[in-house]
Protein chains: 2
Amino acid sequence: MSGVEDSLRILRSKGYRVTQPRKLVLKVLERAEGPVSPYDIQKILQQEGERLNHVTIYRILDLFCLLNLAHKVLLCGGFVKCALGKREGCHRFMVCRQCGALREFADKALCEEESAIARDFGFVAEHHFSEFFGLCSNCNS
Amino acid sequence: MSGVEDSLRILRSKGYRVTQPRKLVLKVLERAEGPVSPYDIQKILQQEGERLNHVTIYRILDLFCLLNLAHKVLLCGGFVKCALGKREGCHRFMVCRQCGALREFADKALCEEESAIARDFGFVAEHHFSEFFGLCSNCNS
DNA sequence: GTCTTAATGCAATAATATTGCATTATTGCC
DNA sequence: GGCAATAATGCAATATTATTGCATTAAGAC
């Protein structure tokens, strides 16, 4: 299942044009390991010989968020692509305040629990983002 | 229990000076309802007739984070003061992607569960920050 | 009060984000 | 495929946020 293709289909179906810059940004988000900032995206593309104005990238990311094709992860102001088909995305990080180590992890049970809590508030949570801030195993020993 | 006084004591005990700017920033953090950014702090102080250079505020906040007197909440790049005595802080927000509504809430059970997960990784979590991103009750009906 | 030096303020600059408008390129239609 | 309409992009200017080096100030020890 190609997330890029699916995203393009959604764009088209909502009356938005499929443009070269949008395809490029989608490709970067698709391949990125973690959250990438607008300027990260610009640099990555530059290394591949592609040039894209940063304003364009900002606007494309705004649109993707609006359409729920991407979402903003507030850690370092980056963006993460949402896997299509799975509407609920989950991003969890442990951040060490001493050495700055950043580790992403997953926890399905926590995810379900969070969804339940959201529902109790009448809120439909599409993405959970969480961050544990403290000392990693190296720094607390 | 005055958080400000306790914080000043910690500063002193670690060999840092108790200065007017540090006292002012502490007071703002103490009274703030939610996270405040460096420039928020500057504006708040300005309204009270106090002037503080933004560079100074950045440096003070960095120090407070280092000493664990405050911590960075990455939502909107703001800072939140840690209540002293309670080493574990928890900040949870629901953010509506449609209308932008921001609602802070608490959940003790979730907090404990998160601490347990962190421990499993050998990580000592001092603060949990989480964000549910989706549609609020107004926007999903 | 005086001395030491940590802490602050200032000026300059870097990095990130936003806006308006001219230009380009996608899409629908022939 | 070529043409017209206009959505999307690029550019220039500007705003906002963050960082650095150095001169000046003020906190704390005596």
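This one's a predicted model, so the numbers in the text were calculated from it and none came from an experiment. Residue numbers start from 1 in every chain, and the chains themselves are labelled A, B, ... in the order their sequence lines are given, proteins ahead of strands.
Under 4.0 Å is where a charged nitrogen must lie from a carboxylate oxygen, and between Asp62(B) and Arg59(B) no such pair does.
Counting only heavy atoms from C-beta on, Thr56(B) has its side chain closest to dT8(C) among dT8(C), dA17(C), dC10(C).
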Assign a letter to each nucleotide of nucleotides 19-30 of chain D from its 5' end: B, base within under 4.0 Å of a protein heavy atom; S, sugar-phosphate only; -, no contact. BBB-----BS--
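Rounded to whole Å, atom P of dT18(C) lies 11 Å from atom CG of Leu61(A). Here dT9(D) presents its C1' atom at 15 Å from CD of Glu50(A), a figure rounded to the nearest Å. Between the CD1 atom of Ile41(B) and the P atom of dT8(C) there is a distance of 13 Å, rounded to whole Å. Across the protein-nucleic acid pair, Arg22(B) atom CZ and dG9(C) atom C1' stand 14 Å apart, rounded to whole Å. One can place CG of Leu52(A) at 14 Å from C1' of dT24(C), the figure rounded to the nearest angstrom. To the nearest angstrom, C1' of dT13(C) lies 15 Å from CG of Asn53(B). Atom NZ of Lys14(B) is separated from atom C1' of dA7(C) by 19 Å (rounded to the nearest Å).
Residues passing the salt bridge (charged side-chain N to carboxylate O under 4.0 Å, His left out) test with Arg92(A) are Glu114(A), sequence neighbours excluded.
In summary, of the residues considered (Phe129(A), Phe132(A), Phe133(A)), a ring pair (Phe, Tyr, Trp, His ring centres under 6.0 Å) with Phe93(A) occurs for Phe129(A) alone. Checking Leu66(A), Val36(A), Leu69(A), Ile41(A) one by one against Leu61(A), the side-chain contact (heavy atoms from CB on, under 4.5 Å) holds for a single residue, Ile41(A).
No side-chain heavy atom of Lys27(A) sits less than 4.5 Å from a side-chain heavy atom of Lys23(A).
Inter-axis angle, ends of the helix from dG1(C)-dC30(D) to dC30(C)-dG1(D), five pairs per end, rounded to 10 degrees: 40°.
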